[in-house]
Engineer: 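Mind having a look at this structure? Questions to follow.
Every chain is numbered from 1 and lettered A, B, ... according to where its sequence line falls, protein lines coming before strand lines.
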2 protein chains.
Amino acid sequence: MEEKKIKKEDFNLLNCPIRTILDRFGDKWSVLVLLILGEKKKLRFNAINKEIGTDISQKMLTVTLRTLEADGLVLRTVYPEVPPRVEYEITPLGASLVPHIDNLAQWAAVNMQNIKTSRERFKNS
Amino acid sequence: MEEKKIKKEDFNLLNCPIRTILDRFGDKWSVLVLLILGEKKKLRFNAINKEIGTDISQKMLTVTLRTLEADGLVLRTVYPEVPPRVEYEITPLGASLVPHIDNLAQWAAVNMQNIKTSRERFKNS
DNA sequence: CAGGATCCTCACAGATACTG
DNA sequence: CAGTATCTGTGAGGATCCTG
């Protein structure tokens with residue numbers, strides 16, 4: 001059995017750290033959840049769901065939260081009650097990432113119109 | 001003919017600007033190409049290809065460059081020669097984005113081990 | 001309430017062959 | 001040299017049903 005395939009995990013495109021994090025946060029929901037928890041401190045599952053809107057499926061919210069938890073960016077606390085209560089909050093590590101995302105968001109907000117115009121011009125050329 | 005489907009382009013998840021840019025740069029190659037062009041100023045197609053390594057296909061490099069060009073982040077100059085010569089360089093807009101990506105990369109480099117450890121612990125729990 | 005378990009699908013990415 | 005044109009697969013994301 002050969003091993004031609006280099007695993008994404010092991011290679012990470014020249015071990016560029018930026019790629020390692022983009023592999024995680026380039027997905028559809030991680031950043032959004034992180035920003036929400038960065039603001040609101042403590043939230044339950046359905047509360048996060050409401051914050052996002054109806055656009056995320058239960059499954060994807062679960063997957064996203066589990067990934068963030070596994071990475072140590074979000075803390076998940078289960079209270080042994082009936083009905084069950086689960087609260088999510090951002091960790092210091094997660095909080096340290098938020099400002100960087102905010103910076104990117106800032107840049108995006110400032111230059112969005114610029115990009116859209118450029119995109120439009122490109123289409124008609 | 002109904003129009004139930006909301007196009008990704010039009011919706012952008014609550015028009016959150018951060019999502020708009022992550023939709024673009026969450027892909028596999030855009031950020032890498034941007035960083036390379038941010039350093040090397042002017043490069044030809046095959047030169048970029050070499051910088052990345054053998055891991056990107058011609059097609060994906062073309063697609064990536066075209067998208068960056070459309071967004072106004074990269075300038076594409078075709079010289080009417082035989083054989084053809086095409087040079088790519090970063091635009092001021094693109095250059096203004098690079099530091100933000102670098103910041104993220106910095107964070108990633110600093111906290112990568114932390115995250116990996118956390119991930120390992122999560123797996124064995 | 002907070003998910004787990006399934007099934008589906010479609011867009012993105014890759015491989016390959018060809019060309020001005 | 002710097003691309004196009006096709007074909008194909010894979011897996012993130014979504015819909016739905018079920019449960020401690």
Side-chain angles (χ1 to χ4, degrees), chain A residues 4-9 11-13 19 22-33 36-37 42-70 74-89, chain B residues 4-13 19 22-33 36-37 42-70 74-89 122:
Chain A
K4 302 184 215 174
K5 279 266 191 181
I6 300 177
K7 294 268 288 284
K8 204 176 166 189
E9 296 289 319
F11 193 62
N12 275 323
L13 308 177
R19 275 247 43 88
L22 280 175
D23 281 347
R24 299 286 152 183
F25 308 115
D27 73 343
K28 206 167 176 181
W29 304 107
S30 292
V31 166
L32 196 55
V33 169
I36 288 173
L37 285 176
K42 244 177 185 173
L43 285 179
R44 305 179 61 167
F45 187 90
N46 277 347
I48 301 176
N49 208 328
K50 270 200 172 175
E51 283 287 326
I52 295 180
T54 54
D55 312 304
I56 191 173
S57 60
Q58 274 188 340
K59 175 191 155 188
M60 286 318 296
L61 183 52
T62 303
V63 169
T64 302
L65 286 168
R66 284 296 187 286
T67 306
L68 292 173
E69 187 197 1
V74 159
L75 180 65
R76 177 172 178 264
T77 313
V78 183
Y79 297 88
E81 307 172 355
V82 178
R85 178 163 59 102
V86 179
E87 286 186 344
Y88 295 91
E89 58 190 311
Chain B
K4 301 183 217 174
K5 278 267 190 179
I6 299 177
K7 295 268 287 287
K8 203 176 165 190
E9 296 287 320
D10 303 324
F11 192 63
N12 273 327
L13 309 178
R19 276 246 45 87
L22 280 175
D23 282 347
R24 300 284 152 184
F25 307 116
D27 75 344
K28 205 167 175 181
W29 305 106
S30 293
V31 166
L32 197 56
V33 170
I36 287 172
L37 286 175
K42 243 176 187 173
L43 284 179
R44 306 179 61 168
F45 186 90
N46 277 346
I48 301 176
N49 207 328
K50 269 199 175 176
E51 283 287 327
I52 296 181
T54 54
D55 312 304
I56 191 172
S57 61
Q58 271 190 342
K59 176 191 153 189
M60 287 317 296
L61 183 52
T62 302
V63 170
T64 302
L65 286 168
R66 284 295 187 288
T67 307
L68 291 174
E69 187 197 2
V74 159
L75 180 64
R76 177 172 179 264
T77 312
V78 183
Y79 297 88
E81 309 170 355
V82 177
R85 177 162 61 100
V86 180
E87 286 185 345
Y88 295 91
E89 58 191 310
F122 187 79

Engineer: Would you name the heavy atoms of B:D55 and B:I52 that are closest together and state the gap between them?
Structural biologist: OD2-O, 3.9 Å
Engineer: Are any non-hydrogen side-chain atoms of B:L68 and B:F25 less than 4.5 angstrom apart?
Structural biologist: yes
Engineer: Let me know the distance between CZ of B:R66 and P of C:dC12, rounded to the nearest Å.
Structural biologist: 18 Å
Engineer: Look at all strands and tell whether A:Y88 reaches a base, only sugar-phosphate, or nothing, counting heavy atoms closer than 4.0 Å.
Structural biologist: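 Sugar-phosphate only.
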Engineer: Does D:dG3 have OP1 or OP2 sitting under 4.0 Å from an N or O in the side chain of B:R76?
Structural biologist: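 True: B:R76 side-chain N/O within range (under 4.0 Å) of D:dG3 OP1/OP2.
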Engineer: Taking CG from A:L65 and P from C:dA2, how many angstroms apart are they, rounded to a whole number?
Structural biologist: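 A:L65 atom CG is separated from C:dA2 atom P by 11 Å.
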Engineer: To the nearest Å, how far apart are A:D55 CG and D:dG13 C1'?
Structural biologist: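 The distance from CG of A:D55 to C1' of D:dG13 comes to 13 Å, rounded to the nearest Å.
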Engineer: How long is the line joining CZ of A:F45 and P of C:dG3, in whole Å?
Structural biologist: 5 Å
Engineer: With a 4.5 Å limit on heavy-atom distance, are the side chains of A:W29 and A:V63 in contact?
Structural biologist: no
Engineer: Tell me: CD of A:E87 to P of C:dA2, nearest whole Å?
Structural biologist: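 Nearest whole value for this atom pair: 9 Å.
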Engineer: Could you tell me the separation between the CG atom of A:D27 and the P atom of D:dA12, rounded to a whole number of Å?
Structural biologist: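 Result: 10 Å.
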Engineer: Would you call B:Y88 and B:V74 a side-chain contact if the rule is heavy atoms closer than 4.5 Å?
Structural biologist: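 B:Y88 vs B:V74: side chains touch.
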Engineer: Is any side-chain heavy atom of B:L32 closer than 4.5 Å to a side-chain heavy atom of B:I56?
Structural biologist: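 When only atoms from C-beta onward are counted, B:I56 and B:L32 do not touch, as no gap falls below 4.5 Å.
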Engineer: Less than 4.0 angstrom between a side-chain N/O of A:R85 and OP1 or OP2 of C:dA2, yes or no?
Structural biologist: no
Engineer: Relative to the 5' end of DNA chain D, which residue comes earlier, B:P83 or A:P84, by the nucleotide with the nearest heavy atom?
Structural biologist: B:P83
Engineer: How long is the line joining CG of A:D23 and P of D:dA12, in whole Å?
Structural biologist: 10 Å
Engineer: Does A:K59 contact D:dG14 through a side-chain donor or acceptor facing the base, at a distance under 3.5 Å?
Structural biologist: yes
Engineer: Is any side-chain N or O of A:R44 closer than 4.0 Å to OP1 or OP2 of C:dC1?
Structural biologist: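 Checking C:dC1 against A:R44, no side-chain N or O comes under 4.0 Å of OP1 or OP2.
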Engineer: Closest to the A:V86 side chain: D:dG13, C:dG14, C:dA2?
Structural biologist: C:dA2
Engineer: Whole angstrom is fine here: how far is it from CE in B:M60 over to P in D:dA2?
Structural biologist: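 Between P of D:dA2 and CE of B:M60: 19 Å.
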